[in-house]
Amino acid sequence: MDFSWLLVFMLTFFLMSLSPGICMMLAMTLGANIGVRRTLWMMLGVLVGIASIATLALVGISNLLSRHEWLLLMVKYLGAAYLIYLGVKSWRSPYCASKVESASQSSPGALALSGFSAAISNPKAWAFLMTLLPPFIRPEQPLMTQALVLLTLVVVIEFACLLLYAYGGRRLSSFLQQRGRGQWLNRLSGSMLFLVAVLWLSI
């Protein structure tokens with residue numbers, strides 16, 4: 001594959017992945033609450049989910065959505081409604097020590113499942129991967145090789161962005177432990193989810 005073509009893809013996907021969304025805010029919250037090391041289990045679930053969406057995009061699900069406009073609109077509005085629901089829930093949820101303790105006692109499987117669920121239900125991931133990946137496939141080149149290269153780049157870039165958010169949350173943890181400040185993270189997460197919902201509807 002042409003290196004300049006891959007460079008465009010890497011830059012585009014990095015900027016998309018780095019933008020605030022469900023998975024990144026979850027990484028920040030867990031990074032602050034339970035530490036980066038345990039948050040790696042959640043990241044594993046996210047990466048499996050993202051890789052699954054990317055694989056579906058590469059095998060042609062994007063063509064189905066593009067041919068049936070009503071299906072695309074349904075996915076769009078349901079995704080935005082879900083983001084708004086999560087934003088309201090985040091705003092109304094208090095930040096308390098018991099929730100942090102509960103999260104710290106979650107099993108690796110439960111953390112991985114939460115990450116996978118967040119990725120699969122993330123409309124931003126579906127929208128960008130379904131529209132971004134197919135144009136980068138060159139029909140005259142070996143399809144399997146191109147798919148493996150693009151999937152590898154997607155997973156590596158997503159993992160790097162998740163780590164950035166988790167480390168950022170960890171750096172904030174001591175600040176958030178002070179009385180009344182912990183809820184700021186919940187409200188920040190909720191506000192970001194509202195913003196993503198608005199951007200999603202504007203696409």
Side-chain angles (χ1 to χ4, degrees), residues 10 13-14 16-59 61 75 78-79 81-83 85-90 93-130 132-133 147-173 176-177 182 185-186 188-190 192-193 196-197 200:
M10 291 167 61
F13 185 74
F14 175 74
M16 182 276 290
S17 184
L18 193 62
S19 63
I22 298 174
C23 298
M24 295 303 155
M25 299 313 296
L26 181 59
M28 177 181 286
T29 302
L30 289 180
N33 290 348
I34 64 177
V36 176
R37 181 175 296 181
R38 284 186 57 78
T39 304
L40 289 173
W41 288 106
M42 183 279 297
M43 295 182 196
L44 176 62
V46 170
L47 295 179
V48 172
I50 291 296
S52 301
I53 297 172
T55 301
L56 289 175
L58 289 170
V59 297
I61 297 299
V75 171
L78 286 177
Y82 182 66
L83 284 175
Y85 164 75
L86 290 178
V88 172
K89 187 176 180 181
S90 181
S93 297
Y95 183 95
C96 58
S98 61
K99 289 178 66 177
V100 175
E101 183 179 356
S102 175
S104 65
Q105 295 174 353
S106 297
S107 67
L111 291 170
L113 181 59
S114 68
F116 178 79
S117 300
I120 290 296
S121 62
N122 185 0
K124 186 187 80 169
W126 285 94
F128 281 98
L129 288 174
M130 289 295 180
L132 180 64
L133 284 174
L148 288 176
V149 170
L150 292 175
L151 282 174
T152 300
L153 289 174
V154 164
V155 170
V156 170
I157 293 172
E158 184 76 6
F159 180 57
C161 293
L162 287 168
L163 277 177
L164 286 174
Y165 273 82
Y167 274 111
R170 190 57 182 169
R171 294 292 298 271
L172 288 172
S173 61
L176 295 173
Q177 288 172 1
L185 181 60
N186 286 345
L188 174 62
S189 300
M192 290 298 182
L193 291 171
V196 172
W200 171 238

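These numbers come from the heavy atoms of this one structure, side chains and all, not from hydrogens, waters or symmetry mates.
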Does [X] reach the side chain of [Y], with side-chain heavy atoms less than 4.5 Å apart?
X: L150; Y: F13; answer: no
X: I157; Y: L18; answer: no
X: F159; Y: L40; answer: yes

| field | side chain to side chain contact (heavy atoms under 4.5 Å, CB included) evaluation trace for I50 with V155 | value | CA-CA 7 Å; I50 291 296; V155 170; 5.8 Å; no
Between [X] and [Y], which heavy-atom pair has the shortest distance, and what is it?
X: G115; Y: V46; value: O-CG2, 3.3 Å
X: A119; Y: A125; value: O-CB, 4.3 Å
X: S17; Y: E158; value: OG-OE1, 2.6 Å
X: R38; Y: S107; value: NH2-N, 4.5 Å
X: L162; Y: M43; value: O-CE, 3.7 Å
X: I53; Y: L129; value: CG2-CD1, 3.8 Å

How long is the straight-line distance from [atom2] of [Y] back to [atom1] of [X], given to the nearest 0.5 Å?
X: S52; Y: F116; atom1: OG; atom2: CZ; value: 5.0 Å
X: L26; Y: L30; atom1: CG; atom2: CG; value: 4.5 Å
X: T39; Y: L111; atom1: OG1; atom2: CG; value: 7.5 Å
X: L164; Y: M28; atom1: CG; atom2: CE; value: 10.0 Å

